[in-house]
Amino acid sequence: MRSLKLMIAATVLSLASLAAHAELVVIVNPKNPAANLTAEQVSALFLGTATTFPDGGAATLADQPESASIRGDFYQKATGRSVAQVKATWARLTFTGKGTPPKELKTDADVKAFVASDPKAIGYVDASSIDGSVKAVLKL
Amino acid sequence: MRSRFPLVALAVAAALPSLASAVDFSYSGFSTAAYGQSDTNDASVGYAAQPGGIDSGGNFETDSKVGVQVSAKFNDVISATVQGVGYADMTGEWEPHLDWAYLRLQALRNLSLRAGYLRAPTFMYSDSVFVGYANVWVRPPLEVYNLSPVYQIRGLDATWRTTVGPVQVSLNPYYGDSEVDIPTGTIDVPEWMGLAATAEYGSLTVRAGYSEVELGDVTNSQLAPVINALRAIPSSICGGCAIESNRLDIDGSIIHTINVGAQFDDGKNFVAAEFGQSSTQSYLIVAKTGAYATYGRRFGNFMPYGTYAQLRRDTTTHSDAIPAVGALAPLNGAVNAALAGGAGDQDSYSVGVRYELPSFSVLKGALVKLQLDHIDTKDTKGMLNAVQPDFDGTLNMISASFDFIF
């Protein structure tokens, strides 16, 4: 019993330290001229107040699944809002024809593949998933 | 207007399958199941002059809605959207309406144009007021949102966006006509135009709106005999009769609405405040000024909120433009009876709580709201409907809603 408690405690601790160290990056297609983006610029795109990159090019947004913890981390760090608040914002935009919510993909690999294949795309993944197929423009 | 809706729906439905292979379809919906009950049977709470509002008998009709939207994106430039919404309109009947049906053209990177049936952005949340999941309250503060009797426009709008330093700016002009269903028939709206300007900077949104609505033919106007009688009197006998007749006639009335609003939402604190003023010479619609302020604070999934709202009537409550004695006295009485029927001052105080539910199965998001309202009409009829002589001027109301998107 005692050893079970210890194990649980150890697991919780290691998960907590993992979460604390998890770094996420915002990625765009390598053809995107932006070298980096500010958290404000990323926030404006993912809250629907901006529809284009700073150079004026249209943006296509990729999201992670609602069940993934990275989604909550991303919105908290980039926009200061919870996943639920962001959903309410997109509901308002969707039903008034002012925007289309981000496309929800299943995994980091899916987001990366989507961004790698579309010059207009922007998404976010765990920093450890990054490779040459995409360009990191912001660390959160 | 309803009779013209099916034609648009049929045309869009007929056009879609043939294009389906190249088209990106999306489906989504929203719903609010709401119950409201007050402590009096001597007045009811509802939208504009809607019959069958909330009273001590309680009802599900006034605030409940269900909407379904289908969008078809043909390419990066052209898309079409149809949104059907079931709700109780100004006739008091809960029935389906085709609220939005438009073609959208992304003409330039920062300019989009739409044509069809649209909801006009008269006030800050006018176009999304039915999407309960996106809003803080069970219902929008009626002291502002009841200022304009029309909400749906058939015509064109444009949205132009630009960035000024760190500020996102958008301009949204619109133009068209409309028709309003009322219990006794319809009111024609031959011309309606407006402009909404919005600036967003971080957590702060500021907007201003202006609109001009011209009203036309009214079917079954009960005041027609009085209006005709006034117009038949030579101005040498009654100098004020012609002007008074115009003020009783909905046809030809113009309503100018100005609106200024601000919203601040930093994720923790939510503040929204709006001011609206509708000016008109009409004795039936009457000129009004309304305002509200809402504050809410989030604690995890809970958000308690409070609202103060007020409405002030700007049109006189009594007119002696027609002599009150002699042969014209009955007409003076008819004019003053009409004036007495219009809205009066009211203050309202609301507190509520909004609770976000964990999302489950097909629902993309769901929440429940509970709201208490205290309305004080300061011995007038306020913005209430079906006000009885026994009404003591105040009412308390409880409302609960379940709002979700799918």
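Every chain is numbered from 1 and lettered A, B, ... according to where its sequence line falls, protein lines coming before strand lines.
The nearest pair of heavy atoms linking D76(B) to K120(A) is OD2-NZ, 2.7 Å. The minimum heavy-atom distance linking A50(A) with Q168(B) is given by the pair CB-NE2, 3.8 Å.
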In residues 84-92 of chain A, what donor-acceptor pairs under 3.5 Å come from side-chain atoms, sequence neighbours left out?
| unit_1 | atom_1 | unit_2 | atom_2 | d |
| --- | --- | --- | --- | --- |
| Q85(A) | OE1 | S82(A) | N | 3.2 |
| Q85(A) | OE1 | S82(A) | OG | 3.3 |
| K87(A) | NZ | E66(A) | OE2 | 2.9 |
| K87(A) | NZ | K364(B) | O | 2.6 |
| T89(A) | OG1 | Q85(A) | O | 3.0 |
| W90(A) | NE1 | F46(A) | O | 2.9 |
| R92(A) | NH1 | S128(B) | OG | 2.6 |
| R92(A) | NH1 | N135(B) | OD1 | 3.0 |
| R92(A) | NH2 | A134(B) | O | 2.6 |
| R92(A) | NH2 | N135(B) | OD1 | 3.2 |

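Within the 4.5 angstrom heavy-atom criterion, atoms from both the backbone and the side chain of S28(B) approach chain A. Interface remark: S203(B) contributes backbone and side-chain atoms alike to the contact with chain A (heavy atom separation under 4.5 Å). When heavy atoms are compared at a cutoff of 4.5 Å, D127(B) approaches chain A by way of both its backbone and its side chain.
R109(B) places no side-chain N or O within 3.5 Å of a backbone atom of T52(A) that could act as its donor or acceptor partner.
Within a 6.0 Å radius of CZ in R297(B), other residues, nucleotides and ligands contribute more than 12 heavy atoms. In F264(B), the CZ atom is crowded: over 12 heavy atoms of neighbouring residues, nucleotides or ligands sit closer than 6.0 Å.
Using a 4.5 Å heavy-atom threshold, the side chains of T94(A) and Q69(B) count as touching. Considering only heavy atoms from C-beta on, E200(B) stays 4.5 Å or farther from L47(A) through its side chain.
Considering only heavy-atom pairs separated by less than 4.5 Å from chain A, the leading option among R104(B), Q83(B), K268(B) is Q83(B). Across F30(B), Y125(B), Y102(B), F130(B), the residue that shares the most heavy-atom pairs under 4.5 angstrom with chain A is F30(B). Top candidate by heavy-atom pairs under 4.5 Å with chain A, chosen from L118(B), V85(B), T163(B), D265(B), is D265(B).
A salt bridge between K103(A) and D24(B) is absent, with no side-chain N of the basic residue lying under 4.0 Å from a carboxylate O of the acidic one.
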